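The structure under discussion appears below in the form of structure tokens.
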Amino acid sequence: MNIHKLNKIFDHRVRLGIMSALLVNDGVNFKFLKEVLDVTDGNLASHLKTLEENKFIKVEKGFIGRKTNTTYKVTRAGEKAFKLHLTALEQMIKNLQ
Amino acid sequence: MEDKNLQALKEIQSIMAKSSRFISLSGLSGIAAGICAMMGAFVANQSITKYFSDYSSYDHTPKELRNELIIIGLLVFIAALITAFLFTLRKSKKDNTPIWGQTSLRLLWNTLLPMGIGAALILKLILENNYALVAPACLLFYGLGLINGSKYTLSEIKYLGYCQLGLGLLNLWLPQYGLYFWTLGFGVLHIIYGVVMWSKYERGNNNE
């Protein structure tokens, strides 16, 4: 059954969105993710934390002038897991057609 | 279950596009840039005929004419840049996307890199008094810039780039028609592109 390949962690709109944005970008900051996904600070932060705890994304803290700038990048494990999740989604849709 | 998965895939696709492309480039920017180019070409043509009516030979380009054409060219470039920027600023406000973001900066860098190299080459051509290659070089490097940038904005702009390349190549072998090719590429093609993009993406939204 394909259903086992679907990753529970990606079974949420915001987390799916974060992974999608990170997969096509070399690294994005918090503000950018917030704008693209149209979510609140708290909501985004909690989902980023979940993904970070699962080691699907990595966090890099830096500075732009004096302001802190946190960049998020997808890890190799995260990329692999997300691609598996995508394939599973596509497969399930194909099987139903 | 099926709907939910399909929805998820659509959402992934939309976020990937939105986060990697600057989609607020306005068609009106293309039209404005095209009009600037046409006006510039008209003025340039006046200057050329003015100078060459006094000269019996076309082989020699006087310094005054060269300087006049350089100034016209720079003014057209600045005017086109400012008007194009204003229309895109307006659209980005309407779309509620920031004009200075990761996506717009990446678009600018990828478009301006080939164009900057082209500008350096054109400067050298002018210094060497090789004016015949200036117009085709403008078209060729602008076309390359557009194609390179098309990965980071509405991808239709690559067709504008291919057309500029085609004109530039033809112009290499018909150098005496430089101003005509230039006007066709920077004037007419910009306006056509602008009208097509505006009616495809913006006309509907304006009525709301």
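None of these values were measured; they are calculated from a predicted model. Letters A, B, ... are given to chains in the order of the sequence lines, protein chains preceding strands, and every chain is numbered from 1.
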dist B/Leu6:CG -> A/Ile93:CD1 (nearest 0.5 Å) comes out at 4.5 Å
**Asked** For B/Asn67, does the CG atom have more than 12 heavy-atom neighbours from other residues, nucleotides or ligands under 6.0 Å away?
**Response** yes
When the 4.5 angstrom heavy-atom criterion is applied to A/Leu23 and chain B, the contacting part is side chain
Take atom CZ of B/Phe77 as the centre, draw a 6.0 Å sphere, and report whether it contains more than 12 heavy atoms from other residues, nucleotides or ligands.
-> no
Value for CE (A/Met92) from CG (B/Leu9), rounded to nearest 0.5 Å, stands at 10.5 Å
*Sub-4.5 Å side-chain heavy-atom contact between A/Asn25 and B/Arg106*: yes
Worksheet item: Does a side-chain heavy-atom distance below 4.5 Å link A/Leu89 with B/Ile12?
Response: yes
Minimal heavy-atom distance between A/Val24 and B/Ser20, with the atoms involved, is CG2-CB, 4.1 Å
- For B/Gln46, does the CD atom sit with more than 12 other heavy atoms under 6.0 Å from it, leaving out its own atoms? yes
Closest non-hydrogen contact found for A/Ala21 with B/Ser19 is CA-OG, 3.6 Å
Return yes when atom NZ of B/Lys93 has more than 12 non-hydrogen atoms of other residues, nucleotides or ligands closer than 6.0 Å, and no otherwise. no
Q. Just wondering, are more than 12 heavy atoms of other shown residues or ligands nearer than 6.0 Å to OH in B/Tyr131?
A. yes
So, the part of A/Leu37 with a heavy atom under 4.5 Å from chain B: the answer is side chain
